[in-house]
Amino acid sequence: MNTVGNTIFITGGSSGIGQALAHRWHDLGNTVIVAGRRCSALQETIEGRPSMAFYELDITDPDAIATVARRLIAEHPDLNVLVNCAGISGVEDPTIARDLSRTERMIETNLLGPIRMVDALVEHLKDRPAAAIVMVSSGTGFVPYPGAPTYSASKAALHSYTVSLRARLRNVPQVIEIIPPQVATDLLEGLKDSPFSVPLAKFADDVMAQLIAHPSADEIVVDEVKPFRFAERDGKVDEIVRDMLAGT
Ligand SMILES: NC(=O)c1ccc[n+]([C@@H]2O[C@H](COP(=O)([O-])OP(=O)(O)OC[C@H]3O[C@@H](n4cnc5c(N)ncnc54)[C@H](OP(=O)(O)O)[C@@H]3O)[C@@H](O)[C@H]2O)c1
């Protein structure tokens, strides 16, 4: 994707990775619109940044997606980049019967959300120059974290969907997958303080550096996630799963 001259819509732009990327794209001179459920967090995200805007959006609500997409196209007709970053996680034990409401919400947010968002904007994006669809998946989509089986499965499915979308669109719009490692955000309790988490600013800087250096790359794979992304190729899946299980 182009580094500058874009109008970018980012779901999950109210905190964490989405917010950090939003600020970096905005610092480069792009127009950036963020979305999320928390109005105050969205307001903080755009504070002091004139060419940023926000929409309140619950990505699990198909009607809200349709409404926001209509507003986006009307109010920002130059929109040429969709970034699907909104996501939730959760640890769970699939070996015992349990309340599945959070589990179902993970699938709705992490998989159905991006599918519905793409559906709402793909016709518009096909007509825009230098358009791109960016999906934020996870290293755990490539090697599942056994402590969060549904989360990992949702990200594996998102990767699969992204590969199909890229093939079917023939990259017009360009389809890019950002694959984060464990990053210090509020996604899960303890992530911010974990010595195994990549600092958020470092991750966002590394992503931007790769996007700028390799504008036609299909995937953004920072160093810390390479063992996960290439585990299948390297025959390491079982070993990494065992190691993670020992740590749960
Ligand atoms: N941190 C990691 O270790 C890690 C690793 C791999 C992948 N990822 C992925 O990176 C993405 C961003 O996560 P993060 O780590 O930055 O965590 P985060 O700080 O908790 O950010 C999650 C974002 O998603 C938004 N969101 C959640 N549910 C939503 C809903 N129903 N509708 C609209 N927005 C919703 C949140 O906004 P509101 O609360 O305002 O709605 C928030 O902006 C996620 O897709 C996550 O799976 C993170």
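Ligands are counted one by one from 1 in listed order, and the atoms in each one are counted from 1 as well. It should be emphasised that the depicted structure is a prediction, and the values quoted were computed from it without experimental measurement. The figures here come from the full heavy-atom set of this structure, side chains too, leaving out hydrogens, waters and symmetry mates. Residue numbers count from 1 along this sequence.
The closest approach between any non-hydrogen atom of Arg105 and ligand 1 is not below 4.0 Å. Taking 4.0 Å as the cut-off, Ala41 does not count as a neighbour of ligand 1 on heavy-atom distance.
Checked by atom type and distance alone, the side chain of Gln210 pairs as donor or acceptor with a backbone atom of Val221 at under 3.5 Å. Listed for the Asp78 side chain is no donor-acceptor partner under 3.5 Å among the backbone atoms of Asn6. Side chain of Thr11 to backbone of Cys85: a donor-acceptor contact under 3.5 angstrom is found. Although no hydrogens or angles enter the test, the distance criterion places no donor-acceptor pair under 3.5 Å between the side chain of Lys126 and the main chain of Leu121. Using modelled atom types, no side-chain atom of Arg128 and backbone atom of His124 make a donor-acceptor pair closer than 3.5 Å.
With a 4.0 Å cut-off on non-hydrogen atoms, Leu57 touches ligand 1 through its backbone and not its side chain. Contacts between Gln19 and ligand 1, counted as non-hydrogen atom pairs separated by less than 4.0 Å, are absent for every part of the residue. Within the 4.0 Å heavy-atom criterion, both parts of Ile59, backbone and side chain, lie near ligand 1.
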### Task
Evaluate the criterion salt bridge (Lys or Arg N to Asp or Glu O under 4.0 Å) for residue pair Asp93 and Arg98; output intermediate values, then yes/no.
CA-CA 8 Å; Asp93 183 351; Arg98 63 206 190 278; over 6 Å; no
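Of all heavy-atom pairs spanning Val198 and Glu224, the tightest one is CG2-CG, 3.5 Å. Shown here for Leu111 and Ser154, the closest heavy-atom pair between the two residues is CD1-O, 4.4 Å. Here the shortest heavy-atom pairing between Gly113 and Ile59 reads CA-CG1, 3.6 Å. Of all non-hydrogen atoms in Asn110 and Ala86, the two that sit nearest each other are OD1-O, 4.4 Å.
In summary, the atoms of ligand 1 found under 4.0 Å from a heavy atom of Cys85, numbered by their order in the structure, are 11 (C), 12 (C), 44 (C), 45 (O). The contact set between ligand 1 and Gly87, taken as ligand atoms under 4.0 Å from a residue heavy atom, comprises 22 (C), 24 (O), 27 (C), 44 (C), 45 (O). Under a 4.0 Å criterion applied to the non-hydrogen atoms of Pro180, ligand 1 contributes the atoms 5 (C), 6 (C), 7 (C), 8 (N). The atoms of ligand 1 that sit less than 4.0 Å from any heavy atom of Gly16 are 16 (O), 19 (O). Distances below 4.0 Å separate heavy atoms of Thr109 from the following atoms of ligand 1: 28 (N).
With respect to atom 39 (O) of ligand 1, the closest heavy atom belonging to the protein is Arg38 NE, 2.8 Å. Nearest non-hydrogen protein atom to atom 7 (C) of ligand 1 is Ser137 O, 3.1 Å. Remark: minimum distance from atom 5 (C) of ligand 1 to any protein heavy atom is reached at Pro181 O, 3.0 Å. From the protein, the heavy atom lying nearest to atom 19 (O) of ligand 1 is Ser15 OG, 3.0 Å. The protein heavy atom nearest to atom 46 (C) of ligand 1 is Tyr151 OH, 3.5 Å. Looking from atom 13 (O) of ligand 1 to the surrounding protein, the closest heavy atom is Leu187 CD1, 3.9 Å. In terms of protein heavy atoms, atom 41 (O) of ligand 1 is closest to Arg37 NE, 2.6 Å. The nearest heavy-atom contact from the protein to atom 3 (O) of ligand 1 is Val183 N, 2.8 Å.
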Output side-chain donor-acceptor pairs under 3.5 Å for residues 175-185, partner residues at least two apart or in another chain, one line each.
{"residue": "Glu177", "atom": "OE1", "partner": "His159", "partner atom": "ND1", "Å": "2.7"}
{"residue": "Glu177", "atom": "OE2", "partner": "Ser137", "partner atom": "OG", "Å": "2.6"}
{"residue": "Glu177", "atom": "OE2", "partner": "His159", "partner atom": "ND1", "Å": "3.2"}
{"residue": "Gln182", "atom": "NE2", "partner": "Ser194", "partner atom": "OG", "Å": "3.2"}
{"residue": "Gln182", "atom": "NE2", "partner": "Ser197", "partner atom": "OG", "Å": "2.9"}
{"residue": "Thr185", "atom": "OG1", "partner": "Leu187", "partner atom": "N", "Å": "3.1"}

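Note: no N/O pair closer than 3.5 Å links Ala35 and ligand 1 by distance alone. When only interatomic distances are considered, the shortest N/O to N/O separation between Gly12 and ligand 1 falls below 3.5 Å. Ligand 1 has no nitrogen or oxygen under 3.5 angstrom from a nitrogen or oxygen of Gly36. For a threshold of 3.5 Å applied to N or O pairs, the pair formed by Ile88 and ligand 1 contains no separation below that value. Checking only distances, Ser14 does come within under 3.5 Å of ligand 1, N or O to N or O.
Sequence neighbours left out, the pairs with a member in residues 228-243 that pass side-chain hydrogen bond (donor to acceptor under 3.5 Å, both in side chains) are Glu219-Arg229.
Side-chain contact between Glu92 and Arg102 is absent, with no heavy atoms from C-beta onward closer than 4.5 Å.
Here the shortest heavy-atom distance to atom 16 (O) of ligand 1, taken over Ile17, Val136, Ile65, belongs to Ile17.
Below 30°, between 30° and 60°, or above 60°: for Tyr55 and His76 the angle between ring planes is above 60°, a perpendicular geometry.
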